[in-house]
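Quick notes on the structure that follows.
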Amino acid sequence: MADKIQMKTPLVEMDGDEMTRIIWKMIKDILLTPYIDLKTEYYDLGLEHREATNDQVTIDSANATKKYGVAVKCATITPNADRVEEYHLKQMWKSPNGTIRALLDGTVFRTPIVVKGITPFIPTWTKPITIARHAYGDVYKNTEMVVEANSKAELVVTKADGSEVKELIHEFQTPGILQGLHNLDKSIESFARSCFNYALDLKQDLWFSTKDTISKKYDHRFKDIFSEIFEKEYKQKFESLGIEYFYTLIDDAVARVVRSNGGYIWACKNYDGDVMSDMVATAFGSLAMMTSVLVSPSGVYEYEAAHGTVQRHYYKHLKGEKTSTNSMATLFAWTGALRKRGELDQIPKLAEFANKLEQASIQTIEQGVMTGDLYALSSLENKQTVDTETFLQEINKRLVKLL
């Protein structure tokens, strides 16, 4: 074995939950530590440790990401009522992704990993579609209430001089529910610039969609900010590359996307992006084949898998049964972070290693060796299902050849 690749700056490593936590360790043991002198600042974002630290560990990991500039994150549980009972939690802790995104701001870019033999459910999609999702505010920073009958709900803003502005929300004759959302011009501006910069990097068209016909102030604000920044700062740059930016209503965008060939970036508000990235991932084949990176305006990157913790496989694993869990998105979170670390620290060997590891993993699938979920989707004639660990070992065989 040649000398291991040396790192200068650590990656922030955020460990997670359930089956993805098991895969996390396998990826490190089989594909990373034999080749890299892996430097990380480790944070355990597993649910038990978040509970033990009252979720302070999540905040600490986000602050460490600001310090070091690049993080890699495993999938984590966002607890619901069942999880509170299962893990005996003090409270229903918030989504770690939501907390991290709020602290880092910026935009989440999600792109499917395209491989031969897996045809998208929408056959016209020949090129990947990247979803750019705003990573701050809206429903993820909401305030909500259950309202009793015969209540009046108002939106009240108290200005700096103490004066108040009020808008009636609803007179509740019967019981109901209420939700308050907010966003910040500064964050929307960061979102817009991140999207425009990413489009220039990828040399791809950028679409942006909201519902400003219904939300004439909230969504319209997004539309206006995007338009102003584009006209002032990006229009000429886009024209010189022969790419375009346009705004459309979200329902129109959906119709256009379905009829398209792909190969562009579709920017969405926080919740829209959450839903649409799952739709795009599934239509391309699998959520386990989706890369995800949070890019903050200050140039901080956090790479993660776009899927959940694969609970069903974890329970099988606990019983000692073999699982065939797809590790591609988790693996690509690692390669994305290592490549970016290599670029920022000017370690070409590290970036090159990340590229070769991605190449080896795609080769493995295209040569017919894959996990059960992909076997069901693949049109390859000579294909076989392997278990979780064997799949990573097979990638390693091909990686050795490429190195």
Hey, are [Y] and [X] close enough side-chain-wise for a donor-acceptor pair under 3.5 Å?
X: Thr323; Y: Thr388; answer: yes
X: Asn396; Y: Tyr35; answer: yes
X: Lys216; Y: Thr213; answer: no
X: Tyr140; Y: Asn97; answer: no

Classify the angle between the aromatic ring planes of Phe208 and Phe191 as parallel (below 30°), tilted (30 to 60°) or perpendicular (above 60°).
->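 Phe208 vs Phe191 ring planes: perpendicular.
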Sidechain N-carboxylate O distance under 4.0 Å for [X], [Y]:
X: Glu394; Y: Lys397; answer: yes
X: Glu352; Y: Lys356; answer: yes
X: Arg133; Y: Asp272; answer: no
X: Lys8; Y: Asp345; answer: no
X: Glu18; Y: Arg83; answer: yes
X: Lys340; Y: Glu343; answer: yes

Is atom [atom1] of [X] surrounded by more than 12 heavy atoms (other residues, nucleotides or ligands) closer than 6.0 Å?
X: Gln91; atom1: CD; answer: yes
X: Glu239; atom1: CD; answer: yes
X: Glu167; atom1: CD; answer: no
X: Asn80; atom1: CG; answer: yes
X: Lys116; atom1: NZ; answer: no

Short question: side chain of [X], backbone of [Y] - any donor-acceptor pair under 3.5 Å?
X: Asp105; Y: Ser296; result: no
X: Asn54; Y: Gln56; result: no
X: Ser209; Y: Thr248; result: no

For the atom pair CH2 (Trp266) and SG (Cys195), what is the distance rounded to the nearest 0.5 Å?
->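 The distance works out to 13.0 Å.
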Pairs flagged by ring-ring contact (aromatic ring centres under 6.0 Å, His included) wherever residues 287-331 is involved - sequence neighbours left out |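 For residues 287-331, and leaving out neighbouring residues, there are no ring-ring contact (aromatic ring centres under 6.0 Å, His included) pairs at all.
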Could you tell me whether [X] and [Y] have their ring centroids closer than 6.0 angstrom?
X: Tyr245; Y: Phe196; value: yes
X: Tyr43; Y: His49; value: no
X: Tyr218; Y: His182; value: no

How would you list all residue pairs meeting salt bridge (Lys or Arg N to Asp or Glu O under 4.0 Å) that involve residues 48-71, not counting sequence neighbours?
->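 As it turns out, the salt bridge (Lys or Arg N to Asp or Glu O under 4.0 Å) pairs with a partner in residues 48-71, which skip direct neighbours, are Asp17-Arg50.
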Under the criterion salt bridge (charged side-chain N to carboxylate O under 4.0 Å, His left out), which of Arg341, Lys25, Lys28 is the partner of Glu13?
->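 Checked Arg341, Lys25, Lys28 against Glu13; only one passes salt bridge (charged side-chain N to carboxylate O under 4.0 Å, His left out): Lys28.
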Which is it for Ser260 and Tyr264 under the side-chain hydrogen bond (donor to acceptor under 3.5 Å, both in side chains) test, yes or no, and what are the steps along the way?
-> CA-CA 10 Å; Ser260 76; Tyr264 49 82; 2.8 Å; yes
Test log, rule side chain to side chain contact (heavy atoms under 4.5 Å, CB included), inputs Thr309 and Met19 = CA-CA 6 Å; Thr309 55; Met19 197 62 210; over 6 Å; no
Pairs under 3.5 angstrom only: tabulate donor-acceptor contacts from the side chains of residues 197-204 to other protein residues two or more places apart or in another chain.
unit_1: Asn197; atom_1: OD1; unit_2: Tyr234; atom_2: OH; d: 2.9
unit_1: Asn197; atom_1: ND2; unit_2: Arg193; atom_2: O; d: 3.2

